[in-house]
Amino acid sequence: MKHRALYRFDKELRKGFELIAGVDEAGRGPLAGPVVVAAVILSYKKQINGLYDSKLLTPNAREKIYYEILRNVVSFGIGVSGERCVDQKGIMKALFSAARTAAKKLSPQPDIVLFDGNHKIPGLHLGQMNIVKGDRKSACVAAASIIAKVTRDRMMKAYASEFPAYGFEWHKGYGTPAHYEILRKIGPSPLHRMSFLRNL
């Protein structure tokens, strides 16, 4: 099972660090809605079956594993940067801001933060390690990816009731052909990232 390899990775890392946190995001590329970052310190007393990169799981599997993660965490935190923050600061600064918020909510604070990707989180006064495709290598990063994805998807479903014409419950703000067609017909909502719509 794939999740066993993820736990083996974390086990090796824990030889040098007592508490490790995984940090990952959801919503970096959509045309609308926030970017959401989760930070997770897992308990390793029990392995979570099916834990893996959130993008490769079905919505039903993500929801099920989401609750399993919450039952097996030492601590977790969530940070959110909205669409206006993305427009004003750019997606990477907005993402880093949400990552700092998520990591600072962890209690106790971790000895090392594993951040998915190849950029360090500026201004975070904790030890950091970058892991490219970390949600497919580390259990705590995979857990963070699922927490972030489920949280953001729920936010977009809630926004769908406020802006029913846009179909946010289906595409979650991503640039699908149907989403672009809606934008061409009725224009953007207050949730849209105007900096992402320049080529519309």
Side-chain angles (χ1 to χ4, degrees), residues 22-40 52-59 62-63 66 76-105 113-124 128 130-136 141-200:
V23 176
D24 201 3
E25 55 79 22
R28 182 171 171 175
L31 306 178
V35 58
V36 176
V37 179
V40 176
Y52 202 55
D53 178 357
S54 64
K55 297 183 292 297
L56 300 179
L57 300 174
T58 66
R62 280 197 298 266
E63 284 282 339
Y66 171 89
F76 78 98
I78 293 171
V80 178
S81 290
E83 57 283 341
R84 295 291 76 83
C85 179
V86 173
D87 282 343
Q88 291 166 11
K89 296 183 178 181
I91 185 58
M92 290 307 297
K93 287 185 178 180
L95 190 158
F96 290 144
S97 177
R100 286 191 295 271
T101 297
K104 288 175 183 177
K105 288 180 179 178
V113 169
L114 310 184
F115 188 44
D116 187 38
N118 51 17
H119 297 281
K120 292 285 176 66
I121 305 168
L124 181 64
Q128 296 184 56
N130 289 112
I131 306 178
V132 177
K133 295 190 183 298
D135 42 13
R136 303 182 193 184
V141 178
S145 79
I146 291 170
I147 295 292
K149 175 65 174 167
V150 170
T151 299
R152 187 181 187 278
D153 282 358
R154 289 178 176 180
M155 292 174 72
M156 295 309 294
K157 288 178 182 178
Y159 288 138
S161 62
E162 189 174 354
F163 303 100
Y166 290 91
F168 290 134
E169 69 273 28
W170 303 112
H171 54 66
K172 309 301 189 299
Y174 285 88
T176 65
H179 189 182
Y180 275 111
E181 184 61 26
I182 292 167
L183 284 168
R184 283 189 284 268
K185 287 180 178 178
I186 63 176
S189 74
L191 285 178
H192 281 88
R193 304 171 181 179
M194 300 310 296
S195 56
F196 280 45
L197 300 180
R198 290 169 182 163
N199 296 324
L200 185 65

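Side-chain contact check for Pro122 versus Arg100: some heavy-atom pair is nearer than 4.5 Å. Within the 4.5 Å cutoff, no side-chain heavy atoms of Lys172 are placed close to those of Pro30. Between Phe163 and Pro190, the closest side-chain pair of non-hydrogen atoms falls below 4.5 Å. Phe168 is listed as a side-chain neighbour of Ser189, based on a closest heavy-atom distance under 4.5 Å.
For the atom pair CZ of Arg62 and CD1 of Ile147, the computed distance is 12.0 Å after rounding to the nearest 0.5 Å. For the atom pair CD of Glu169 and NZ of Lys157, the computed distance is 9.0 Å after rounding to the nearest 0.5 Å.
Judged by distance alone, with hydrogens and angles left aside, the side-chain atoms of Asp135 form no donor-acceptor pair with the main-chain N or O of Ser145 at under 3.5 Å. At least one donor-acceptor pair closer than 3.5 Å links the side chain of Asn130 to the backbone N or O of His119. Looking only at distances, a side-chain donor or acceptor of Gln128 sits under 3.5 Å from a matching main-chain atom of Ile121. Asp53 contributes no side-chain N or O that, together with a main-chain N or O of Arg136, makes up a donor-acceptor pair within less than 3.5 Å. The closest donor-acceptor contact from the side chain of Ser97 to the backbone of Ala94 lies at 3.5 Å or more, if one exists at all. A distance-only check finds no donor-acceptor pair linking the side chain of Glu63 to the backbone of Tyr66 [under 3.5 Å].
Within 6.0 Å of NZ in Lys133 there are 12 or fewer heavy atoms belonging to other residues, nucleotides or ligands. Counting non-hydrogen atoms of neighbouring residues, nucleotides and ligands closer than 6.0 angstrom, the NZ atom of Lys105 exceeds 12 such neighbours. Residue Arg84 places its CZ atom among more than 12 non-hydrogen atoms of other residues, nucleotides or ligands, all under 6.0 Å distant.
Phe115 pairs in a side chain to side chain contact (heavy atoms under 4.5 Å, CB included) with only one of the listed residues (Ile131, Val141, Val23), which is Val23.
Here Tyr166 and His192 bring their ring centres to under 6.0 angstrom of each other.
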